[in-house]
Amino acid sequence: MDKQGASNSGTAAAPMALIAYPGATVTVGVAGGLHYGIRTPNIGTDEDYWVISQLHIVGGTQSMDVSGTGWKIVGNEMQCPGADDQVGCFEMSNGNQVRFYGNEVHNAGINPTSSKFYHAVYFSTDSNHIDVGWNHIHDNFTCRALQFHSSPLCSPTCGAGDTTGFDMFDLHVHDNLIHGDNCNGINFATVDPSKGTVEAYNNVVYHVGLMDPLQLGASFSCIYVAGITNNGVAGTGTVQVFNNTVADCSANNSANASGSRGAFGVAGGPATLIMNLRNNIAYQLPGEIYIDGVLAQITGDHNLWFGLTGAPTQTVSNFTSDPLFVNRAASDYHITSTSPAKDAGLTVLANNPFVPNPGPTIGNDKDGILRPQGTAFDLGAYEFFAGTGPTRPSAPTAVKAVVH
């Protein structure tokens, strides 16, 4: 939409929208076609307060490459078959107050592996106040499934005068299903939680960290904090990682994976940049590891570790029994009624202004089940639910849920 230099923006109360008609199948783009499916070009116009929903978006390299304030990307299917570049199949830079909900992102990248720099979902340069929830990111040939990395743009000049590429904050990653990617499941690369909450909760991440990218090294963890700062003061504070279920994280143990594989990892940064693990379940297979990187920057308590010998000494009040999933072979990571994860957790609530908690001591799980159902929170992404008790809605299922 070209308004000949005028604003292309909506408002918070009346956003612009591109939405499929109910019941219609709408495809934008074609495999191997134009570079972008949907793009906000850098031509000096404003593109704020847009809703993109219920579309099938196919990019030659990127399904979407957008920037701006107040975007709501809801319920789309995105693919970028055969793609590679220093971008993402979905990418947003200079984003602010953005909701990325209920999207399916799959079949992106070159089979079997793209470069280190190509990702499935990528929030880039100076994108803050971001909520990423209820998405299914799976079976891609990219490096990272979901990455937050702020890249300097040399604006207005490179070096010390650059006003871009600062560490990111107020980031909320929750209720996502992520599997089948070559490097990290979730990568908080350049973050500063001292400026605003950075948290990952209620996510199920499994079978990632599968193989080296086409060139250079990479990291191969289910949930990872790279500890990188490209511009400005290095990030400090605590990345909160709680009530996630991770499994089969980083079977790849090549020379490129040294110090950056396992269920959870922190690569570096200031000693005061911490990953705090609570109420998580990590189910690792022989040859895999639990935590990696600068282990002194990992803390936590009340996590369940299974599949390997012992538990990390960096965390306390550990559990080491079989979590008794409903059917791990079928990728069903709900827990059963006799699971040691049941009623074993701390009361840990998200600090997410996009999705407020129901009450001062009540949270919800990935299915929208209220926590706790028993005497305490269960460990992992799923609260055991016997079919009675209070529930709340889970993912937004219709555009009207996010168009205000």
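The structure displayed is predicted, hence computed values, not measured ones.
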Answer with yes or no after comparing the ring centroid distance for H172 and H174 against a 6.0 Å cut-off, counting only values under it. no
Could you check whether any side-chain heavy atom of L55 comes within less than 4.5 Å of a side-chain heavy atom of I38, counting everything from C-beta outward? yes
Is the shortest heavy-atom distance from the side chain of M64 to the side chain of I52 under 4.5 Å? yes
Say whether, by atom type as modelled, one donor and one acceptor occur between the side chain of N231 and the main chain of F166 under 3.5 angstrom. no
Indicate whether any N or O donor in one side chain lies under 3.5 Å from an N or O acceptor in the other, for D248 and H179. no
Return the CD to CG distance between Q79 and D139, rounded to the nearest 0.5 Å. 11.0 Å
Does a side chain donor of either D131 or H129 reach within less than 3.5 Å of an acceptor in the other side chain? no
Side chains of H119 and E91: any donor to acceptor distance under 3.5 Å? no
Any side-chain heavy-atom pair from C143 and N182 closer than 4.5 angstrom? no
In this structure, which one of N203, T245, N303 forms a side-chain hydrogen bond (donor to acceptor under 3.5 Å, both in side chains) with N280? N303
Shortest non-hydrogen contact from S114 toward G109: OG-CA, 3.2 Å
Between N111 (side chain only) and F141 (backbone N and O only), is there a donor and an acceptor less than 3.5 Å apart? no
When rounded to the nearest 0.5 angstrom, what is the spacing between CD in Q97 and OG1 in T69? 8.0 Å
Do you know which two heavy atoms are closest between P340 and L304, and how far apart they sit? CG-CD1, 4.0 Å
Closest heavy-atom pair, P156 versus G161, reported as atoms and distance to 0.1 Å, is CD-O, 3.5 Å
For D332, which residues count as a side chain to side chain donor-acceptor pair (under 3.5 Å) partner, sequence neighbours excluded? H334
Between the side chains of D167 and T229, is a donor N or O closer than 3.5 angstrom to an acceptor N or O? yes
Going by heavy atoms in the side chains, are F264 and V246 under 4.5 Å from each other? yes
Roughly how far, to the nearest 0.5 Å, is the CE atom of M168 from the CG atom of N128? 6.0 Å
Under the side chain to side chain donor-acceptor pair (under 3.5 Å) rule, collect the residues that match up with N256, sequence neighbours excluded. D212
I would like to know whether N94 and L153 meet side-chain contact (heavy atoms from CB on, under 4.5 Å); could you show each step before the answer? CA-CA 11 Å; N94 292 296; L153 302 178; 4.2 Å; yes
Any donor-acceptor pair under 3.5 Å linking the side-chain atoms of R371 with those of N279? no
Looking at G300, is its backbone amide N or carbonyl O close enough to the side chain of T315 to form a donor-acceptor pair, meaning the two atoms are under 3.5 Å apart? no
Does any N or O in the side chain of R144 come within less than 3.5 Å of the main-chain N or O of N187, such that one atom is a donor and the other an acceptor? no
Residues forming a side-chain contact (heavy atoms from CB on, under 4.5 Å) with V294, sequence neighbours excluded: Q297
side-chain contact (heavy atoms from CB on, under 4.5 Å) involving T338 - partner list, sequence neighbours excluded: L324, T336
Least distance between heavy atoms, G37 atom then V28 atom: O-CG1, 3.5 Å
Side-chain contact test, heavy atoms from C-beta onward, threshold under 4.5 Å: evaluate it for H138 versus L177 and give yes or no. no
Is the number of heavy atoms from other residues, nucleotides or ligands within 6.0 Å of CG (L18) greater than 12? yes
Rounding to 0.5 Å, atoms CD1 (I186) and CD1 (I223) come to a distance of 4.5 Å
Note: I73 and N103 closest approach over all heavy atoms is O-ND2, 3.0 Å
Work out which heavy atom in M16 is nearest to a heavy atom in N8; give both atom names and the distance. CG-O, 3.9 Å
N/O donor-acceptor pairs under 3.5 Å from side chains in residues 82-90, not counting sequence neighbours:
from	atom 1	to	atom 2	distance (Å)
D84	OD1	S115	N	3.2
D84	OD1	S115	OG	2.9
D84	OD2	S115	N	3.3

Dump the intermediate steps for side-chain contact (heavy atoms from CB on, under 4.5 Å) on N135 and F100, then the final yes or no. CA-CA 8 Å; N135 302 286; F100 189 81; 3.5 Å; yes
Mark yes or no for whether S53, through its side chain, and I19, through its backbone, hold a donor-acceptor pair below 3.5 Å. no
Are the side chain of N202 and the backbone of N364 linked by a donor-acceptor contact shorter than 3.5 Å? yes
Determine yes or no for a side-chain-to-main-chain donor-acceptor pair under 3.5 angstrom, with D162 supplying the side chain and S155 the backbone. yes
Check for a donor-acceptor pair, side chain of E383 on one end and backbone N or O of Q373 on the other, with a separation under 3.5 Å. yes
Looking at S317 and H302, would you say the former's side chain and the latter's main chain have a donor-acceptor pair under 3.5 Å? no
Quick one: do the E77 and H106 side chains pair a donor with an acceptor below 3.5 Å? yes
Any idea how W50 and W71 line up, ring-wise: parallel (<30°), tilted (30 to 60°), or perpendicular (>60°)? parallel
I need the F306 CZ to Y290 OH distance, nearest 0.5 Å. 7.5 Å
N243 side-chain N/O to A381 backbone N/O, donor-acceptor pair under 3.5 Å: no
Is the closest side-chain donor-acceptor distance between D181 and T142 under 3.5 Å? yes
Got a second to check how far N107's CG is from N140's CG, nearest 0.5 Å? 7.5 Å
Residue pairs, two or more places apart or on separate chains, that pass ring pair (Phe, Tyr, Trp, His ring centres under 6.0 Å) and touch residues 309-331: Y283-F325, F325-Y333
Working note: Y224 + C183, criterion side-chain contact (heavy atoms from CB on, under 4.5 Å); need CA distance, chi angles, decisive distance, verdict. CA-CA 10 Å; Y224 185 60; C183 301; over 6 Å; no
Heavy-atom check, side chain of N252 versus side chain of L210, under 4.5 Å: no
Ring geometry between W134 and Y101 (parallel below 30°, tilted from 30 to 60°, perpendicular above 60°): perpendicular
Let's go through H149 and Y122 carefully: what are the C-alpha distance in whole Å and the side-chain angles of both, what is the deciding distance for side-chain contact (heavy atoms from CB on, under 4.5 Å) to 0.1 Å, and is it a yes or a no? CA-CA 8 Å; H149 180 274; Y122 188 4; 3.4 Å; yes
Less than 4.5 Å apart, side chain to side chain, heavy atoms only: is that true for I281 and I335? yes
With the side chain counted from C-beta on, respond yes when L171 and F123 share a heavy-atom pair under 4.5 Å apart, and no when they do not. no
